[in-house]
Amino acid sequence: MLLLAGPALAQTAAPQQTATAEVDADAETIVVTGYRRSLQAALDNKLNSDRIIESVSAEDIGRLPDNSIADAIARLPGLTTQRLNGRSQVISIRGFAPDFSSTLLNGREQVTNGDNRSVEFDQYPAEVINQVLVYKTPDASLVAQGLSGTVDLQTIRPLSYGKQVISVGARYEYTDNGRLNTDSKQFGWRGSALYVDQFADGKVGVLLGISHIDSPTQTERFNAWGYPNANASNVVIGGSKSYVDSVRLQRTGVTGALEFKPAEDLTIAFDGYYSKFKEDQVLRGIELPLFWSAAQLQPGFQTADGLVTGGTFNGVKGVVRNDLNKKDADLYSGGINLKWENDDWQLIGDVSYSRIDRSELVLETYAGTGRNAVGATDNLGFTMTDRGATFRPTLNYGDYNQIRLTSPQGWGGDVANPGGQPIINGQDGYYNDRQVSDELYAFRAQVERKLDGPISAIQAGANFTNREKQLTPDEFFLGLKGNTDGLTSVAVPTDLRLAPTNLTFLGLGPMISYDPLALLNSGIYNLVRNPNADVNTKGWTVREKVYTGWVMGKINADIGDAKLTGNIGLQVVHVDQSSTALVSSGNGTSVISSLRTDGAKYTDVLPSANLSLRLPEDWVVRLGVARQLARPRLDDMRAAVNFNFNPQLGQTPGVTPWGGSGGNAQLRPWRANAIDLSVEKYFGGKGYIALAGYYKDLKSYIFEVAQPFNFAGFPLPAGVPEPLTRQGFVTQWINGNGGQLYGAELSGQLPFSVLTPALDGFGINGSAAWTKSKVAPSPGASPDDLPGYSRWVTNLTGYYEKGGFSARASMRTRSSFLGELRGFGGGNQRRRADGELILDTQISYEIQGGSLKGLTLLAQAQNLTNEPFVTFNPGRPQEIIDYQNFGRRFLLGFNWRY
């Protein structure tokens, strides 16, 4: 993947205060390298900033302290991550879901690889990120800020880097879960090359880079449909949908930047960024309809704590699944930045563009003993464990003579296919190809006048952002061409059969395996378009024009022996948003639809103040006060409505024939008034300890409830007279009252050389964060957790680094939280997730001299505790919904810098 290496915009500037350099007895400067260099840079960023920030800096060019950006960010105070497909992908800041934060690249808002605004960080290679700044408090110049915080990814600026560097790195990966699917990989690799140079007496700077990753993940996934009542005292598993899951992530890109300094006070920078992102996910397993089916729970079952812990279901008709999720995305981005600065004035102009085109195919194929009621059933024993359920089958699911392509449950029934062969007695699979495009361009202009006195500068600026995101669903039922009578099942073609997939972790033994995409491409299926209204209303286009203006005064004043720095400003944001989508009703041939456009315009005024009192003996007290906002999720803003109309009630006075569910293109943002206080003590520029507290009063929140709705303009079935009323109710997202969120963070960094020279090279850094949420999930409900919220988040790293040798171990924990998982059709599902403890380690050695000077050899181990991802029914941890075992990951590689 490629990344911009453009200039950091003015919103990242900090006052000029730096830590004292270390010197030895002969006054020679000690150069700190590696992980300690990264910690030193992060400490300097924190000390010098007037806002409350956290940061991660590269240990060396092309080398962040962790294997991914998300892992590195997740070690910062008050931040944590959720693992998806075994990787840290999305970040929660201070108990808020990723949708409440924003992510910038070199100060610029970017399009996203997901359906909404939250960035999936694995779309950015860690190799070309120089540092990451997390702003927990905003100032007026911070455009596209988030409510919980703003993450700014910053790449190398070749002129500022100031020297020629060539860097090459490679790592070999191994996952200890093995190859769970025969057509998957257990081993992977990643490599990168980076070149930075300056020419023409430091007036021209160049950055060129390439990065590639080919990374596998192997996951054992148990999933329960749910737990219905087996009797008055106990619940029982309703069904199981469990897989072995193999993911292969491939990402390749090239990055480039060119900086000119034609005059001492003028800098012009061009940068470009393209990436190719490809993720193939193969899932093979057996879906087992149990209590929620025709299967019968046999008497004599075992129970404990209100749960049926073991027994037998007779008459189980399993659905053997060979599925594929395939995501392809192309990212394009670029920008031009001009900066003119002299002793009194600073002028900045910036133009940027960002676009992504993404295709996401979800393909399901089914097999079993026969179509619907035809075929053998299983008498299936089961036992509930702390990993979900294990089973004892009486059928051999790996027998190609018994397990054939079919619709074992008859799902979908008969599906008409005008002009073609219909599906009779159940679909044999499903095809869902989601097309997403996201385009954004922005213009920024900023002027600053430096002053003498306590107000050291006045800054004013304006920014315009235009964004359009579109999702188009393309969904089909799969029907076997050979099923012309509603009774036929078809054998898997011999040339497409693969080695059996082993489901031993579920107790199910081997199952038949084949390539589902190759099977589809063989022509064995008819694709019958899904014409139902719920498919029509999955598509949407959302457009936003955001106008931002600000004015800000910077403060730099002496107060006795202390110094007060900071800023006070006002930001005004005007939004013009709209959405176009279908409103649709009905099923099959009776569907009616029409196009609808809706939207809103609104203005927010966002005052902010950041004050830092810098006291003698390296004490700093910071205060941040601000009005903050986060714009709504894009899919919640869709104009689509899946509605129902009852003609029999259309002429009945006092009764509405209308109802439905959908999005709300008139949604306003989440808004909060926030106050932050941080007290920090620094130790000679080497270490620090900080205690921070914060309080956010959410003045608005977004809830999903049934609301009165005007159905004017919605289509009517043919021949139906105009009803007496167009008023009804739609379940949609609305703005309502908020709540409170507050917490405290204790963080620190301590090199042991501060205590005694004998421990030079040893050190620790870490944090503990506590958050309390008092936000109701719906109007009138009791306060509950926000998505992504953990009450406790901790991080701890211990390290030793000296003489080129480096070793460290890092642990991060989070308490139980409300997680978001990918559901059918690409939508999100929220489930209560168990707490986690993740342990990672790394050792490395850098050769200090000779012909191999600059070569670093390293070994890494991730998830050493083999921590699973677990979800369960709220308040009932024994009722496990998901148990995902990702295994451990080991990496061995090198970095070479010239």
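Every heavy atom of this structure was used, including side-chain atoms; hydrogens, water molecules and symmetry mates were not.
Under the rule for a ring pair (Phe, Tyr, Trp, His ring centres under 6.0 Å), the partners of F187 that lie at least two apart in sequence or sit in another chain are Y172, Y174. With sequence neighbours left out, Q298 forms a side-chain hydrogen bond (donor to acceptor under 3.5 Å, both in side chains) with N314. Qualifying side-chain hydrogen bond (donor to acceptor under 3.5 Å, both in side chains) partners for D433, counting only residues two or more places apart in sequence or in other chains: S359, Q435. Residues that satisfy the ring pair (Phe, Tyr, Trp, His ring centres under 6.0 Å) test with Y397, not counting sequence neighbours, are absent from this structure. Under the side-chain hydrogen bond (donor to acceptor under 3.5 Å, both in side chains) criterion, S816 pairs with R832, not counting sequence neighbours. With sequence neighbours left out, the ring pair (Phe, Tyr, Trp, His ring centres under 6.0 Å) criterion links Y366 to W411. For the side-chain hydrogen bond (donor to acceptor under 3.5 Å, both in side chains) test, no residue two or more places apart in sequence or in another chain qualifies with D834. In this structure F313 satisfies the ring pair (Phe, Tyr, Trp, His ring centres under 6.0 Å) test together with F382, sequence neighbours excluded.
Closest heavy-atom contact between G285 and Y243: N-CD2, 3.6 Å. In terms of heavy atoms, N379 sits closest to G315 at OD1-N, 3.5 Å. Closest approach of F886 to F869, counting heavy atoms only: CE1-CB, 3.8 Å.
Here CG of N795 is found 7.5 Å from CZ of R812. Values are rounded to the nearest 0.5 Å. How far CD of E867 is from OG1 of T865: 5.0 Å, rounded to the nearest 0.5 Å. With rounding to the nearest 0.5 Å, the separation of CG in L508 from OG in S242 is 8.0 Å. Once rounded to the nearest 0.5 Å, the distance linking CG of L496 with CG of L520 reads 11.0 Å. Residue Q296 holds its CD atom at 8.5 Å from CZ of F291, rounded to the nearest 0.5 Å.
The side chain to side chain donor-acceptor pair (under 3.5 Å) contacts involving residues 503-518 comprise T365-Y514, T501-S513, N502-T504, where partners must be two or more places apart or lie in separate chains. Each salt bridge (charged side-chain N to carboxylate O under 4.0 Å, His left out) pair with one or both residues in residues 369-378, not counting sequence neighbours, appears once here: R371-D428.
The closest side-chain donor-acceptor pair between T80 and S92, if any, does not fall under 3.5 angstrom. For the residue pair N372 and N425, a side-chain donor N or O sits within less than 3.5 Å of a side-chain acceptor on the partner. Side-chain contact check for Q218 and N177: no donor-acceptor pair (N or O, by modelled atom type) lies under 3.5 Å. In the model, Q186 has no side-chain atom that pairs as donor or acceptor with a side-chain atom of T175 under 3.5 Å. Residues T731 and S661 bring no donor and acceptor atom of their side chains to less than 3.5 Å of each other. Side chain to side chain, R889 and T217 meet the donor-acceptor criterion of an N or O pair below 3.5 Å. Remark: the Q860 side chain and the D840 side chain contain no N/O donor-acceptor pair separated by less than 3.5 Å. Side-chain contact check for S489 and R404: no donor-acceptor pair (N or O, by modelled atom type) lies under 3.5 Å.
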Steps toward side-chain contact (heavy atoms from CB on, under 4.5 Å) verdict (F505, T390): CA-CA 7 Å; F505 82 102; T390 58; over 6 Å; no
Note to self: Quick one, L363 with K326, criterion side-chain contact (heavy atoms from CB on, under 4.5 Å). Give me CA distance, side-chain angles, the key distance, then yes/no.
What the structure shows: CA-CA 8 Å; L363 175 62; K326 186 179 181 65; over 6 Å; no
* Just do the side-chain contact (heavy atoms from CB on, under 4.5 Å) check on T406 and V374 with the steps written out, would you? => CA-CA 10 Å; T406 193; V374 177; over 6 Å; no
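For the pair D71 and Q862, the minimum side-chain heavy-atom distance is below 4.5 Å. For the pair W225 and E287, the minimum side-chain heavy-atom distance is below 4.5 Å. Residues L480 and Y525 meet the side-chain proximity criterion, which asks for heavy atoms closer than 4.5 Å. Between R434 and K538 there is no side-chain heavy-atom pair separated by less than 4.5 Å. When side chains are defined from C-beta on, V319 does not count as touching K241, because their heavy atoms never get closer than 4.5 Å. You'll find the side chain of N113 stays beyond 4.5 Å of the side chain of E279, heavy atoms only. With contacts defined as side-chain heavy-atom distances shorter than 4.5 Å, the pair S240/F222 qualifies. Side-chain contact between L380 and T312: absent, with no pair of heavy atoms (C-beta onward) separated by less than 4.5 Å.
Judged by the 6.0 Å and 45° rule, R497 forms a cation-pi pair with Y400.
Screening R251, K185, R171, K278 for a salt bridge (Lys or Arg N to Asp or Glu O under 4.0 Å) involving D214 leaves a single residue, K185.
You'll find the ring centres of Y430 and F476 outside the 6.0 Å limit.
R888 places a side-chain N or O within 3.5 Å of a backbone atom of L864 that can act as its donor or acceptor partner.
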Contacts under 3.5 angstrom, residues 764-777 side chains, donor-acceptor by atom type, not counting sequence neighbours:
residue	atom	partner	partner atom	Å
N765	OD1	Y35	OH	3.1
T771	OG1	Y694	OH	2.8
S773	OG	D784	O	3.4

Show me the side-chain donor-acceptor pairs of residues 300-310 shorter than 3.5 Å, one per line, residues at least two apart or across chains.
residue	atom	partner	partner atom	Å
Q302	NE2	G300	O	3.2
D305	OD2	Q878	NE2	2.8
T309	OG1	Q302	O	3.4

